[in-house]
Structure formats: structure tokens, C-alpha cells
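Shown next, in C-alpha cells, is the structure this report addresses.
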Amino acid sequence: MPPLPFRIEVLWSDGLVWLLVIAVVAYAVYARRHPHLRAPWSRVARSASAMAAATVLCCFVLVGLLDSLHYRPLLPPQGGKPVYATEVRSVLDLVLTPLRAQREKTYSAPFATELYAKETIKRADGVETREFPRLRHGGKHLESPADSAADIALRAFRGVVAALLAWFAFALLLSAALARQQGGGIEAAWRSLWSGLTPLPWRAVLATLGVLAVIAGPVVALAPYYHVLGTDKVGQDVLYQSLKSIRTGLVIGTLATLVTLPFALVLGVMAGYFKGWVDDVIQYVYTTLSSIPGVLLIAAAVLMMQVYIENHADLFPSTEIRADVRLLALCVILGLTSWTGLCRLLRGEALKLRELEYIQAARAFGVSHWRIMMRHITPNLMHIVMIALVMDFSGLVLAEAVLSYVGVGVDPSMISFGTMINSARLEMAREPMVWWSLASAFFFMLLLVLAANLFADAVRDAFDPRVAMAGGRA
Amino acid sequence: MNRSEAMRLLRVRDLRMAIHGDGPPVRAVDGVSFDIAAGETFALVGESGCGKSMTALSIMRLLPEAAAISGGMVELQGENLLALPEAAMRDVRGRRVAMIFQEPGLSLNPVMTVGEQIAESVRRHTALTGAAVDARVLELLESVRMPDAQRRVTEYPFQLSGGMKQRVMIAIALACDPELLIADEPTTALDVTVQAQVLDLLRELQRERGMAMLLITHDLGVVAQMAQRVAVMYAGQIVETAPVAHFFASPAHPYSQKLFAALPERAAGGRPLAAIPGAVPPLSLEFSGCRFAERCEHKLAHCADVLPEWHGAGEQQMVRCHLYGSDQRPPRGLPSGRGVMGDQHKTEPEAGLGSSPVNHQSSLLEVEELEVFFPIRKGLLQRTAGHVRAVDGVSFSIAPGRTLGLVGESGCGKTTVGKGLLRLLQPTAGRVSLAGEDFLALGAEALRQKRREVQIIFQDPYASLNPRIRIGDALEEGMLALGVGGDAAGRQARIDALLGEVGLAPGVRSRYPHEFSGGQRQRIAIARALSVEPKLIVCDEPTSALDVSVQAQILNLLKRLQKEKGLAYLFISHNMAVIEHMADEVAVMYLGRIVERGAVQDVLRDPRHPYTKSLLAAVPVADPQAQRPVLRLSGDLPSPVNPPAGCHFHPRCPVAEAACAQAYPEERALTAQHHVRCHLAR
């Protein structure tokens with residue numbers, strides 16, 4: 001049997017990310033069956049801005065998930081046994097092979113064909129001159145750098161046309177699916193789709209996809225030939241870095257909130273339900289914790305983790321694994337320092353709920369405290385948890401950028417928005433300025449956080465009990 | 001009554017209003033027409049959700065955002081309010097038409113003093129400035145008989161009681177001598193003794209100022225006391241208008257008749273109440289016929305298909321009913337009127353239930369000197385600085401299959417008694433013995449076993465069911481916790497049986513609470529309590545959140561279940577008529593103590609404690625001719641943190657003597673069953 005061309009490698013964060021995906025799918029199935037969950041989610045789905053934001057988020061999540069499938073490639077055979085590389089790659093790396101492999105020497109501007117700095121070059125005739133050397137990869141298919149503008153325009157145009165065709169085909173497929181669902185003709189479905197008459201705002205989704213296609217089409221067409229967003233100090237493609245940063249941001253945003261959840265939920269519900277000394281103890285704990293400056297605590301924990309990793313190098317065979325463990329440590333410590341706010345909210349709500357009559361009735365039946373908290377209190381708090389989860393996400397993505405900038409964030413070898421900004425900060429002062437690293441980190445992060453915030457707003461509106469009550473009681 | 005054109009202050013013609021939401025529009029007001037003459041009180045009566053408040057808000061043009069007036073006309077002295085620009089409308093509001101709302105606590109700004117809030121309205125609508133405003137504020141507070149008015153000017157709303165807040169609201173409404181006052185359930189949130197004070201005040205003010213009043217209420221007793229003319233609303237329409245005297249003597253519309261029949265004070269002895277089957281139809285429906293047809297006993301063949309026109313039904317009485325257009329007139333007049341205050345004939349209770357003397361030997365529940373104190377903690381170390389004496393030495397007993405009514409105003413501790421004896425709140429002292437066993441001394445496991453003997457039904461049908469749990473699971477919960485009903489199949493069979501017993505289809509068990517109306521939810525709550533086969537049920541105001549017709553259904557259900565299963569009830573209520581209908585014995589609570597107890601006829605027909613007397617006198621009776629002793633209590637319930645020395649009631653007592661301030665009176669037996677705690681009762 002020939003050896004497999006790759007060996008699947010599941011990093012810790014991969015495992016957790018995929019567990020999370022399974023949990024989200026399970027929640028979706030559960031929510032579909034329960035009207036009290038289905039109703040708010042269908043309110044979210046009916047909001048045009050939420051659906052547009054969700055479309056953008058989906059693209060980010062897709063990139064992040066592709067980047068969470070890791071493997072080790074088979075090395076060229078050297079004797080009997082198959083040997084796999086120690087370097088861990090992801091499926092996204094495979095898709096982006098041209099971007100990853102085409103390294104320049106150092107900085108180059110977007111769409112450049114020459115390096116950003118002059119170098120002393122020894123020509124064939126032995127004369128040394130200082131000039132901008134041609135890039136190793138960017139625009140190397142061109143005869144002369146002067147042709148680049150026309151070439152870029154042509155390739156970009158082809159890219160836009162191809163993207164628009166794909167988008168049009170998707171729109172057709174969608175209206176065919178809608179037509180089947182509603183039982184009308186495709187033409188009618190198409191018309192109702194574009195006049196915004198469908199129950200779900202498909203028009204907003206298509207418009208968002210259209211904008212994304214117009215941007216992504218030329219980028220995809222140009223990326224193998226040019227560095228669309230330039231290169232950084234060590235010549236790595238900035239577009240590649242930006243795409244790789246997405247996973248880091250998503251992992252921090254989701255896993256850190258997941259760490260906060262058990263603390264906030266268990267302690268908050270217990271404090272509110274039991275009152276008395278339990279409440280006092282929990283309140284003291286979170287008041288104390290929230291009085292310690294978060295950055296201090298995070299810095300201490302991350303540095304300790306770093307020392308531990310260095311002292312136990314044998315436990316972490318590759319740099320990727322090391323960086324991954326450090327990422328997880330950062331998630332845990334971010335989670336541990338940020339559960340207090342949600343805990344306080346949940347305590348207040350549990351205090352209110354425990355006096356409600358259905359809980360009094362359960363107590364009159366002698367139902368155990370544990371069961372009352374599980375069956376009666378927690379499900380009625382979930383709307384707050386849901387709102388807090390989506391609202392915290394964007395805050396954590398931004399927190400990661402700040403922490404990595406300060407130097408206590410993720411491992412320097414791990415690509416993230418924070419490390420991109422950190423490495424770009426010194427070049428801002430340089431003349432001529434190197435702006436593209438910072439600008440792309442800024443743009444990608446803005447898009448991610450804005451989409452997350454818009455979506456969170458819609459979720460908050462939909463789960464707001466005052467809105468829900470208006471429908472429920474009337 | 002002279003009702004010439006000139007006399008008309010407000011003319012409402014064919015007013016239509018719809019609320020637009022997700023579904024079809026809800027036509028909350030659908031073609032309402034009425035007139036109000038200057039100086040007249042016009043009452044709009046109906047059950048909740050029939051569009052009364054929306055009519056008032058439409059007149060004021062204060063509708064919620066989703067609602068819009070879709071047609072009709074509102075004329076105030078010939079001026080069409082619906083055509084006015086918003087700026088001009090703001091001058092009308094407050095100056096010419098003022099409004100007071102149900103919940104005085106929510107209508108006042110908690111961070112402004114009372115004086116500032118009244119002054120705001122004075123400055124907005126009059127030319128007064130400076131000291132003149134302050135003088136006017138004081139004058140207004142005095143005109144609403146605010147005790148200690150000078151001091152109240154600088155106080156904040158939280159320092160006032162509910163009744164005083166409503167007085168402040170009235171003062172704000174009166175700031176500019178409006179021609180019309182709209183009072184939307186002005187006393188519904190108040191206790192009966194305070195309600196009596198506020199109604200008296202409104203009546204006096206109206207007489208002094210010659211102001212017209214649109215009174216919105218669900219309480220026929222309030223209508224009888226206050227109004228000259230009345231309109232009955234049902235499902236967005238007025239179905240009957242009449243002068244009060246005619247209306248109470250012979251209501252014409254079948255719905256009006258049913259409303260009277262459903263009043264608990266109208267039912268004699270143990271007879272079931274006349275409940276209206278079903279519920280008010282949703283207003284999002286398109287109506288092609290009479291809206292009441294489905295629930296009507298006298299339905300004709302064309303009632304469901306043809307919209308009824310207005311027909312005369314006697315002097316100045318108009319009714320929207322086909323029965324008056326045909327020869328087939330429905331039986332007029334009231335069902336035999338009998339009640340606490342209606343007549344003084346003793347009602348013979350049903351044989352076998354009421355007349356036997358209470359046998360203390362066989363009592364199911366015996367409560368002795370029950371105390372529930374809540375500590376007040378203060379300072380850094382949370383030391384106990386005092387106690388709220390919510391229940392302060394209460395004793396009573398209930399025999400199997402009997403009902404003890406516990407009456408009192410809000411804050412008197414009656415709910416705490418119920419929760420304390422179930423150990424939902426831990427009593428501080430006392431003994432509760434249930435079938436001979438001390439309930440308060442039981443350990444955790446023994447208590448759990450014993451819990452199936454006593455269950456509780458709550459007031460708010462919306463809060464008493466977990467919105468996230470299906471009906472079937474909610475009913476199963478108690479059986480699971482207490483091991484009743486055998487295996488899973490046995491429990492399911494029992495759930496079906498229980499639902500049947502409370503009049504619901506077995507199919508509802510897979511549905512969620514939000515699909516049910518208030519009355520249906522209360523039925524489910526009853527089924528849940530019954531699921532563990534208790535011997536005693538604590539009913540904590542089970543019908544006070546329900547409409548009168550639904551209340552009748554629930555009371556009938558409780559009575560039937562008591563007869564079938566031999567249940568004992570501790571029936572907690574502030575409603576005297578409900579207590580009279582339900583209870584065999586009654587105990588009256590004041591500030592944590594029982595001041596009078598005995599058989600229901602003895603206590604309610606021959607009250608001996610001055611508090612019981614004034615409580616009974618304060619209840620509005622649905623009979624404008626009723627002559628009752630005027631016995632008004634001043635002030636509010638004192639705080640249970642430091643109750644007055646001596647008899648707790650003496651500061652408010654109209655007949656208090658010097659001795660009353662010295663010592664709390666001992667319980668005195670007037671007859672074998674009638675006990676009272678008053679120095680003056682002989």
C-alpha cells in the first residue's frame with residue numbers, strides 16, 4: 001500500500017474549533033424544533049442588515065475553517081519508510097500555495113514589479129549600480145515593468161467578468177431553489193427575489209455577494225502574478241498574512257467566550273438563585289477579579305506560559321504546535337478575566353427569576369435546586385447569554401490585536417492581525433512610508449468586526465424579551 | 001337629562017383604530033361612537049383587550065407607534081381633534097383634556113420632586129411664573145386632599161404611597177382645569193380602602209369643577225358609584241349604551257347580562273356562577289356578524305352572518321343586538337341579586353358543607369402562632385438592625401374539604417402566610433401541623449415526601465408557567481419529583497386525566513404556555529397542583545388577574561374540584577365577593593395579624609372589628625341604589641417594620657379610644673366560631 005500523501009494533524013485549537021462547529025449545528029437543529037428559539041432566530045433571518053452581515057461572516061468563517069484543517073505533507077522518499085514533514089500546513093495553505101511560496105526579499109508595494117528599496121547590483125559587465133531590482137515573483141511574466149498597468153487592467157477585467165458570471169449563476173440557482181420551494185416558475189421567483197418580496201431578504205444576501213465578488217474576482221485573477229497587497233519585511237505576501245490572520249481572530253473571539261461561559265453561567269445562576277452567603281462569596285470573587293487590571297493578569301499568565309513552553313520543548317515538537325498552545329493559553333486567560341460582566345448580568349436576572357411563580361411552584365413540589373437551576377432558570381437566561389456571546393466576540397478580536405501589539409498576545413511566529421500591526425508599526429515612520437501591512441490588517445479587521453457587530457445588533461433586537469413579549473402576550 | 005347639541009362636550013363618531021404588526025391589522029377600536037355632556041361622568045366598561053384604553057388613547061392621540069387612527073371623528077366642543085396639527089394637539093392635552101392612568105407609580109418621574117412635576121404642567125399650560133407657580137402647586141395638592149401638602153411638595157415619588165401618588169397624578173391632571181378628564185382604570189392598582197378614598201375624591205372634584213369625566217373601568221361596582229351613563233364595549237365595539245340606573249336595573253345586551261351574572265356576589269350560596277364560555281375573539285379577525293354570537297345563549301340564526309344594528313331597548317337605552325330588532329326579546333332583568341352587601345338575608349349554605357361547626361379535632365391543617373420575619377441588615381457587617389414583621393403570630397385551622405378565606409389589603413402578609421406554611425419562605429417561629437405532623441420540624445427528605453400534601457396556585461397566570469417548557473412536561477414535573485403516578489406511561493395517562501378534569505383537551509400537552517389565554521393558563525396551573533394529589537391547596541389570589549367572566553369559570557372549577565376530591569383550600573384574596581362565594585370560614589388580616597375570624601356569614605354579614613367593617617364598606621357594589629354605611633378609612637397601611645403601639649389599627653380606626661393605643665387586644669370569642677381582636681367589640 002503506498003503511503004498517504006499527507007498525515008492529518010489535529011492541533012488543540014482545531015479540535016476545539018470543530019467541536020464548536022458541531023455544537024453550533026446541534027444548536028441549530030435544537031432551535032428548529034423549539035418555537036421559543038425558532039421565533040427569535042427567524043426574526044434575525046428576516047433582517048436585511050443581519051443577513052448581509054452574516055454573508056460576510058460566512059466568508060470569514062469559511063476561510064477560518066479551511067485554515068483549521070491541518071496536515072503534514074509527505075516528504076520525498078528517502079529509503080524505505082515514508083517520512084512526513086515536521087512543518088504543519090493547513091488546507092488554506094494548500095489553496096494559497098502560490099501566495100505562500102512566492103516570497104520576495106523584503107518590502108514591495110502592492111502590484112509592484114520591483115522591490116521597495118534600492119539595492120547595489122553588480123551587472124554582467126561588472127559595473128555596480130544602485131537601482132530597484134525586479135521582484136522574484138511579482139510580475140515576473142512581464143517583459144518590461146512598464147507593461148504592468150495594461151496587464152493588471154486586463155487580468156482584473158477578466159477576473160471581474162468571471163466573478164460576475166459565477167455570481168449570476170448563483171442567483172439563478174437560488175431563484176430555481178426558491179421557485180421549487182414556493183411552487184411557482186423560475187421567472188416569478190426571480191422577480192420576487194429582486195423586488196425584495198421573499199420572506200428572507202435574499203436580495204440583501206445577493207447584493208453583498210455581488211460586492212464581494214466584484215472585489216474578490218480581480219484579486220483571485222491577479223494574486224498568482226502580483227502581490228496584490230504587497231509584501232512585508234521578510235518578503236511574505238500581505239494578502240496571505242491577512243487571510244491567515246482570520247483564523248486567529250475567529251479562534252480568539254469564539255474560544256475565549258466559550259471559556260467565560262461556564263464561569264459566568266454557573267456562578268451567576270448560583271449567586272442569584274441561592275442568595276445569602278453563596279451570593280456574597282461569588283460577588284467578592286468577581287469584584288476582586290474585575291479590580292485587577294486585565295492586561296497585567298494576561299501579561300503575567302502569557303509570560304509564564306512562554307517560560308513553561310521553553311522549558312518543556314520536548315512536549316511541543318513543532319513551532320506550529322507551540323504557537324497553537326500559546327494561542328489556547330491566551331484564549332483561556334482572556335476568558336478568565338472577562339467573565340465578570342456576564343456573570344453580574346446573569347446574577348441579576350436569576351435573582352428576578354427565582355421569585356417567579358413557576359419556580360415557586362417547582363419548589364413546592366420539592367424539585368431539587370440543581371434541577372430548578374437546570375430546567376427553569378438556565379433556559380430562561382439563554383437569551384442574555386446569546387446576546388453576550390455575539391457582542392463579546394468583536395471585543396475579543398480587537399483585544400487580541402491590542403495584546404499582540406503590546407507583545408503579550410499570540411506567539412510571534414503565528415500570523416495574526418496583532419502581529420501584522422506590530423511588525424508594521426515601525427515602518428510607518430519610514431520615508432517613503434510602508435502603509436500596506438497596516439492598511440490591510442485594518443481593513444480586514446474592520447470588515448470582520450463590523451459584520452460581527454451588525455449581526456450582534458440584530459441578535460440582540462431579536463432576543464430582547466420586550467420585543468418577544470409584544471408578540472407573545474397580545 | 002338634557003342632551004341637546006349645545007350640551008355636548010365631546011362627540012366621538014365611528015372612531016376606528018388599528019395596530020399594524022406582523023400579522024393582519026388588529027382593529028382594537030372598530031367604529032366607536034358616543035357623546036359626553038359637560039359635567040357628566042361617562043363610563044366605558046368591558047373586559048381586558050376589548051379596546052377601552054385604546055379608545056381613550058385615540059381621543060388623546062397618544063397611540064403607540066404601530067397604531068394608527070384609520071377613520072372617524074373626535075370633536076371637542078365642535079373642534080375636530082383628529083384634524084389638529086400635533087403642536088395644537090399638545091395644547092389640548094393637559095389644558096382641555098387631561099388623563100390619569102392605572103399605575104400611578106409608573107406615571108411619575110422618580111427623580112423629580114412631586115412639586116416640580118406639578119409645576120411643569122402648570123408652567124406649560126398657564127402664564128404663571130415664579131412664586132405664583134409654587135402657590136398654585138400647593139393649592140392643587142390641597143385640592144386633592146393630600147395630607148401634609150406643604151411637606152409633600154419637596155418629596156420624591158418613592159416617599160409616597162400608591163394612593164398618594166394617584167392623588168399627585170390627579171393634581172397634575174387638574175393643573176389647568178381641564179374640561180374633560182379621562183381616567184383609565186384609576187383605582188385598579190389600589191387597595192379597596194384607598195380606592196374608596198380616590199373615588200370619593202374624584203367625585204367631589206368633578207362636582208366642584210363641573211368637569212366631564214370619561215371613566216374607563218372593568219369594575220361594575222365602580223361604574224355604579226361614579227357614572228351617569230355607561231357604554232359596554234366588547235371586541236372593539238360599543239354594544240350597549242344606557243343611563244346607569246336603567247343599565248343596572250335591566251341590562252339589555254346578552255353580554256351585559258352575562259357580565260352581571262358572572263359577578264360572584266350575584267350567586268346565591270353554593271350555586272355555580274354563570275360563566276361566559278370561551279373568550280373574547282382576537283381582534284385581527286374579520287367580523288361578518290355579531291361579535292358576541294359565538295358565546296351568546298340567545299343566538300339567532302342570522303347572528304353570525306349579519307352585523308347587528310342599533311336598536312332601542314327602553315328609555316335612552318340603545319343596544320346592538322338582533323334580539324331587539326325581532327319580536328323575540330331576551331329575558332330582561334338581572335339574575336337574582338344576592339351578595340355581601342346587596343341584601344341582608346342570610347344565605348343558607350349548601351347542606352353538608354357549610355353549616356356543621358368546625359371540628360378542631362379533625363382539622364387537616366393547624367397553624368399556631370406562625371411568625372415570618374424578614375431581617376433588615378445594615379452596616380458593613382450586615383448586622384440585623386430590625387425585622388419586617390410580615391406575619392406576626394397567626395393561628396387558624398382548616399378542616400378537610402373546607403375553605404378558609406384569608407382577606408386583607410396588599411402588604412398585610414396574607415401571601416407570606418401561604419408561602420410560610422408551604423416553607424417556600426422559612427417561618428421564624430410557630431407550628432404548622434398537617435394531619436397531625438409538624439410540617440415545620442421536618443428534615444429535608446421528610447419535607448420532600450410531605451410536599452405532595454400541600455400545593456399552591458398563584459396569582460399571575462403569565463408567570464406561573466415556565467415559557468420554555470411544554471404543558472405536559474410542566475405537569476409531569478411534580479409527579480417526577482415526588483414519585484407520583486407510577487411509570488412513564490402511567491404519568492402520561494394521568495396528565496391526560498388531569499387536563500380533562502380542568503376542562504382542556506389532552507392534545508394541549510405538547511404545546512407551549514404562550515399559546516394559551518390567562519384563564520387557560522390558570523387551569524393548567526390548577527392541574528399541575530392537582531398532579532400530586534394534595535389534600536390542601538393554597539390559592540393565592542388565583543383570579544385577581546382575570547376578567548370577571550373568566551374568573552367565574554375558574555371559581556366554578558375550583559368549587560367542583562373541591563366537591564369531587566374533598567380538597568381543602570386556603571383561599572387568599574382581597575376581593576370580598578370572591579371570598580364570600582368560595583369560603584366557609586374567613587380570617588381578616590391586618591398588618592401581619594388576624595383581627596377577626598369566623599364563619600363567612602358571621603364575619604361578612606355581621607362584622608365586629610372596625611377594620612372589617614370599613615373594608616366591607618369600601619367595596620364598590622354593582623348597584624347604584626345600594627345604601628351602605630359610609631365608613632372611610634384615612635391614610636394607608638403602616639409599615640410592618642415598626643407597627644403602631646397598642647392595637648395596630650388604632651391610628652386609622654374611626655372609633656379608637658385611649659385604651660387602644662396601650663395594648664394589643666387579646667382574641668375574644670363572640671360566639672363559638674366568631675373571634676375578634678378588638679377592645680371595643682362586645
Side-chain angles (χ1 to χ4, degrees), chain A residues 30-31 33-40 42-43 46-47 199 275-277 279-281 283-284 352-386 462-463 465-474, chain B residues 19 21-23 26 28 49 64 66 282-284 382 418-419 422-425 444-445 447-452 454-470 473-474 477-484 511-515 517-518 525 528-529 531-532 534 537-538 540:
Chain A
Y30 180 83
R33 298 212 184 120
H34 289 75
H36 65 267
L37 292 173
R38 202 171 51 207
S42 60
R43 267 201 294 279
R46 280 198 295 272
S47 145
K275 301 211 288 192
W277 66 267
D279 187 24
D280 289 345
V281 169
Q283 275 195 74
Y284 278 123
K352 198 178 85 190
L353 285 178
R354 79 185 293 278
E355 299 301 331
L356 279 190
E357 298 178 340
Y358 58 83
I359 289 176
Q360 300 278 322
R363 288 179 57 204
F365 282 128
V367 177
S368 68
H369 293 312
W370 171 246
R371 214 173 141 70
I372 289 180
M373 287 192 278
M374 286 298 288
R375 235 171 96 90
H376 291 294
I377 296 193
T378 310
N380 284 297
L381 293 174
M382 281 330 247
H383 64 283
I384 297 182
V385 172
M386 185 58 64
F463 279 82
R466 277 166 301 178
V467 181
M469 275 332 254
R473 275 211 185 189
Chain B
I19 304 166
D22 284 345
V26 176
L283 296 176
S284 49
Q382 301 281 295
K419 288 190 175 171
L422 274 159
R423 284 180 69 179
L424 293 176
L425 291 169
E445 187 47 36
L447 173 68
R448 226 171 61 80
Q449 291 306 318
K450 205 73 180 158
R451 282 219 181 268
R452 60 177 296 188
V454 202
Q455 277 304 315
I456 182 163
I457 305 169
F458 295 96
Q459 169 175 2
D460 184 353
Y462 291 93
S464 65
L465 295 171
N466 185 342
R468 308 275 186 255
I469 290 185
R470 290 170 203 268
D473 298 338
E477 180 166 55
M479 292 193 258
L480 273 176
L482 297 177
V484 184
R511 286 160 58 184
Y512 284 91
H514 71 92
E515 297 172 54
S517 68
R528 180 177 60 189
S531 68
V532 293
I537 297 185
V538 176
D540 186 0

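Just so it is clear: chains get the letters A, B, ... in the order the sequence lines come, proteins before strands, and each one is counted from 1. Below, all heavy atoms of this structure are taken into account, side chains as well, without hydrogens, waters or symmetry copies.
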Quick one: what part of [X] sits under 4.5 Å from any heavy atom of chain A, side chain, backbone, both or neither?
{"X": "Ser517(B)", "answer": "neither"}
{"X": "Asp473(B)", "answer": "both"}
{"X": "Leu480(B)", "answer": "side chain"}
{"X": "Lys450(B)", "answer": "neither"}
{"X": "Arg468(B)", "answer": "both"}
{"X": "Arg470(B)", "answer": "side chain"}
{"X": "Leu465(B)", "answer": "backbone"}
{"X": "Phe458(B)", "answer": "both"}

### Query
So, does Glu357(A) use its side chain to make a donor-acceptor pair with the main chain of Asp460(B) at under 3.5 Å?
yes
### Query
Does Arg363(A) offer a backbone N or O that forms a donor-acceptor pair with the side chain of Arg451(B) under 3.5 Å?
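Such a contact is found between Arg451(B) side chain and Arg363(A) backbone.
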#### Entry: Most contacts with chain A, counted as non-hydrogen pairs under 4.5 angstrom, among Arg448(B), Gln455(B), Met479(B)
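Option with the greatest count: Gln455(B).
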### Task
For residues Leu424(B) and Ala364(A), report the shortest heavy-atom separation together with the two atoms involved.
CD2-N, 3.7 Å
### Query
Which pair of heavy atoms, one from Ala481(B) and one from Phe365(A), lies closest together, and at what distance?
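Closest approach of Ala481(B) to Phe365(A): CB-O, 3.7 Å.
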## Note on the structure
Taken to the nearest 0.5 Å, the spacing of Asn380(A) CG from Ile469(B) CD1 works out to 8.0 Å
### Query
Can you check whether Glu477(B) reaches Val367(A) side chain to side chain, under 4.5 Å on heavy atoms?
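They are in contact (side-chain heavy atoms under 4.5 Å apart), so the answer is yes.
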## Note on the structure
Ranked by heavy-atom pairs below 4.5 Å to chain B, first place among His376(A), Met382(A), His34(A) goes to His376(A)
### Contact class of Arg375(A) relative to chain B, heavy atoms under 4.5 angstrom
both
